[in-house]
Colleague: 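I'd like to ask some things about the structure below.
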Amino acid sequence: SSLTQVVHSAGRRFIVSPVPESRLRES
Amino acid sequence: AEDTGLRVELAEEGDCSNSSLALRLWVEDPKKLKGKHKDNEAIEFSFNLETDTPEEVAYEMVKSGFFHESDSKAVAKSIRDRVNLIKKARDKKPAGC
């Protein structure tokens, strides 16, 4: 989806996406 | 997240024989971090229990611009704490899962 960004560093892939609302409310 | 302000959870677990996991990390308490970071964004990454170290992943996250160098220790600690919990849980599971 457009909200997900993939970053590669030293052969490792990081997938960046918005924190689900439900998890934010938990904190 | 109680002391680092970061939360790490298991995004996906292969079966017990597979030492590769998918973990997800996000900032739960921005006040506890020293440097700039991305709020409200979760970072999902693979972690191999046999070959990877939390410090190495934290370093790559700093290099990728997700966190400031001053927070790399907190990132590594958060990952290490979660990985240790997962290892303990796996040790408890019956052999062969």
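Just so it is clear, the model here is predicted, and its values are computed rather than measured. Residue numbers start from 1 in every chain, and the chains themselves are labelled A, B, ... in the order their sequence lines are given, proteins ahead of strands.
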Colleague: Please list, chain by chain and in numerical order, all residues satisfying side chain to side chain contact (heavy atoms under 4.5 Å, CB included) with Lys36(B), sequence neighbours excluded.
Modeller: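 Counting only residues at least two positions away or on another chain, Lys36(B) forms no side chain to side chain contact (heavy atoms under 4.5 Å, CB included).
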
Colleague: Give the C-alpha distance, both sets of side-chain angles, the deciding distance and a yes or no for side-chain contact (heavy atoms from CB on, under 4.5 Å) between Met61(B) and Phe14(A).
Modeller: CA-CA 8 Å; Met61(B) 285 188 173; Phe14(A) 292 110; 3.7 Å; yes

Colleague: Under the rule for side-chain hydrogen bond (donor to acceptor under 3.5 Å, both in side chains), what residues qualify as partners of Lys88(B), not counting sequence neighbours?
Modeller: none

Colleague: Can you tell me how far the CD atom of Glu41(B) sits from the OG atom of Ser17(A), to the nearest 0.5 Å?
Modeller: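 Output value for this atom pair is 8.0 Å.
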
Colleague: Can you sort out the partners of Ser70(B) under side-chain hydrogen bond (donor to acceptor under 3.5 Å, both in side chains), two or more places apart, ordered by chain and number?
Modeller: His68(B)

Colleague: In this structure, would Leu10(B) and Leu49(B) fall into the same cluster of hydrophobic residues linked by side-chain contacts under 4.5 Å?
Modeller: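 Same cluster.
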
Colleague: Membership question, hydrophobic clusters at under 4.5 Å side-chain separation (ILVMFWY): are Ile15(A) and Trp26(B) in the same one?
Modeller: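 Not linked; separate clusters.
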
Colleague: Heavy atoms under 4.5 Å from chain A: which residues of residues 52-59 of chain B carry them?
Modeller: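 Asp52(B), Glu56(B), Val57(B) fall under the 4.5 Å cut-off.
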
Colleague: For the backbone of Ser46(B) and the side chain of Arg12(A), can you confirm whether one donor and one acceptor N or O come within less than 3.5 Å of each other?
Modeller: yes

